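Since the structure comes first, as structure tokens, the remarks are kept for the end.
Just so you know, these numbers come straight off a predicted model, no measurement behind them. All heavy atoms count here, side chains included; hydrogens, waters and symmetry mates do not.
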Amino acid sequence: MAIHSTTASMLKESLSELLYAAKFCAEYRKDCDVWGKFKTGGCLGFPAAILLFSIVDSIGSYFRGNKNIEITIDSKPTLIKGTGSEHFKILNSKYFNQDLSGDCIEALYAKFRSLLVHNSVIGKNTSMNISNRGYGGPFQEKTIKTEKIYYIYINEFCDLCEKAINEFIKDIDSIVPISKQGKNFH
């Protein structure tokens, strides 16, 4: 870690570090000597997801109140107005290029990000998997019987965050200084 004089320069380092650590977790494979019955062959999905959702949350936070970013949810233009799940609206921006429903964005925040960070679990009717290569993006919402089931795929989520970070870094020096966090950097 370096010493930084601006929020933007620190973000360039921290976002890259978060992504690197998430990829490490995604590439790691559990073996039975260490993990026993707990998903031998799986990746370190819980810490990977925490890191990846932190990237989403972080990027979204720098657009709170910014009227110059285009975000559409449920066919309506919207702004990131506050904290928490509001930051996850950034998923439907040019940085992440998703077209998620408002319900899905809320579920990702409530059932994955918040529960993982605060309780080390994911919510009811959710699933995390290593990969879904060739069968869709990092987030999927399916209705089974009458219940919605939400899926995240760690490898695709890593790829998505890498693209988002690369796009965000192009704009970081103009976006971050006008953000609340950038203005309050001490």
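- Ile178 and Met10 end up in different hydrophobic clusters when Ile, Leu, Val, Met, Phe, Trp and Tyr side chains are linked at under 4.5 Å.
- Between the CG atom in Leu116 and the CZ atom in Phe46 there is a gap of 6.5 Å [rounded to 0.5 Å].
- Here the CG-SG distance, from Leu15 to Cys161, works out to 9.5 Å after rounding to the nearest 0.5 Å.
- Following chains of ILVMFWY side-chain contacts shorter than 4.5 Å, one cannot reach Phe168 starting from Leu79, and the two form parts of different hydrophobic clusters.
- Within the model, atoms CG of Leu108 and CD of Gln98 stand 9.5 Å from one another, a figure rounded to the nearest 0.5 Å.
- Applying the side-chain hydrogen bond (donor to acceptor under 3.5 Å, both in side chains) test to pairs two or more places apart or on separate chains, those with a residue in residues 158-179 are Lys12-Asp173, Lys23-Glu162, Lys94-Asp171, Tyr95-Asp171, Arg133-Asp159, Glu167-Lys170.
- Cluster annotation: Tyr20 and Ile172 are assigned to distinct hydrophobic clusters (Ile/Leu/Val/Met/Phe/Trp/Tyr, side-chain heavy-atom contacts under 4.5 Å, transitive).
- Centroid-to-centroid, the aromatic rings of Phe53 and Tyr109 stay 6.0 Å apart or farther.
- Ser54 places a side-chain N or O within 3.5 Å of a backbone atom of Ile50 that can act as its donor or acceptor partner.
- A salt bridge (Lys or Arg N to Asp or Glu O under 4.0 Å) check over residues 72-84, counting only residues at least two apart or in different chains, returns nothing.
- The side-chain hydrogen bond (donor to acceptor under 3.5 Å, both in side chains) test applied to Ser85 returns Glu106, not counting sequence neighbours.
- When the side-chain hydrogen bond (donor to acceptor under 3.5 Å, both in side chains) test is applied to Ser61, the partners found at least two apart in sequence or on another chain are Gln181.
- Counting all heavy atoms, side chain and backbone alike, Ile154 lies closest to Gly45 at CD1-O, 3.9 Å.
- Remark: Glu141 engages Ser101, Cys104, Lys148, Tyr150 in a side chain to side chain contact (heavy atoms under 4.5 Å, CB included) (not counting sequence neighbours).
- Side-chain atoms of Thr6 come within 3.5 Å of backbone atoms of Ser9 as a donor-acceptor pair (strictly under, hydrogens ignored).
- Residues passing the side-chain hydrogen bond (donor to acceptor under 3.5 Å, both in side chains) test with Ser131, sequence neighbours excluded: Glu156.
- By the side chain to side chain contact (heavy atoms under 4.5 Å, CB included) test, Pro47 pairs with Cys25, Leu44, sequence neighbours left out.
- Here the straight-line distance linking atom CD1 of Ile73 with atom CG of Leu100 works out to 8.5 Å at 0.5 Å rounding.
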Pair up each side-chain donor or acceptor in residues 120-127 with any protein partner under 3.5 Å, not counting sequence neighbours, and list the distances.
| unit_1 | atom_1 | unit_2 | atom_2 | d |
| --- | --- | --- | --- | --- |
| Asn125 | ND2 | Glu147 | OE2 | 3.0 |
| Thr126 | OG1 | Gly123 | O | 2.4 |
| Ser127 | OG | Asn129 | ND2 | 3.2 |

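- Every pair tested for salt bridge (Lys or Arg N to Asp or Glu O under 4.0 Å) that includes a residue from residues 40-55 fails, sequence neighbours excluded, so the list is empty.
- Here Ile149 sits in one hydrophobic cluster together with Ile144, Tyr151, Tyr153; the rule is ILVMFWY side chains under 4.5 Å apart, joined directly or through other members.
- Rounded to the nearest 0.5 angstrom, Ile59 CD1 and Leu11 CG are separated by 8.5 Å.
- Using a 4.5 Å cut-off between side-chain heavy atoms of Ile, Leu, Val, Met, Phe, Trp and Tyr, with links allowed through other members, Tyr62 and Leu18 fall into the same hydrophobic cluster.
- Asp99 meets the salt bridge (Lys or Arg N to Asp or Glu O under 4.0 Å) test with no other residue; sequence neighbours excluded.
- Contact record, Ala49 with Ile152: CB-CD1, 4.1 Å, taken as the closest heavy-atom pair.
- Between atom NZ of residue Lys30 and atom SG of residue Cys43 there is a gap of 7.5 Å, rounded to the nearest 0.5 Å.
- In the hydrophobic clustering of this structure, Leu52 does not group with Phe24; members are Ile, Leu, Val, Met, Phe, Trp, Tyr whose side-chain heavy atoms approach within less than 4.5 Å, directly or through other members.
- Residues satisfying the side chain to side chain contact (heavy atoms under 4.5 Å, CB included) criterion with Thr83, sequence neighbours excluded, are Arg64, His87.
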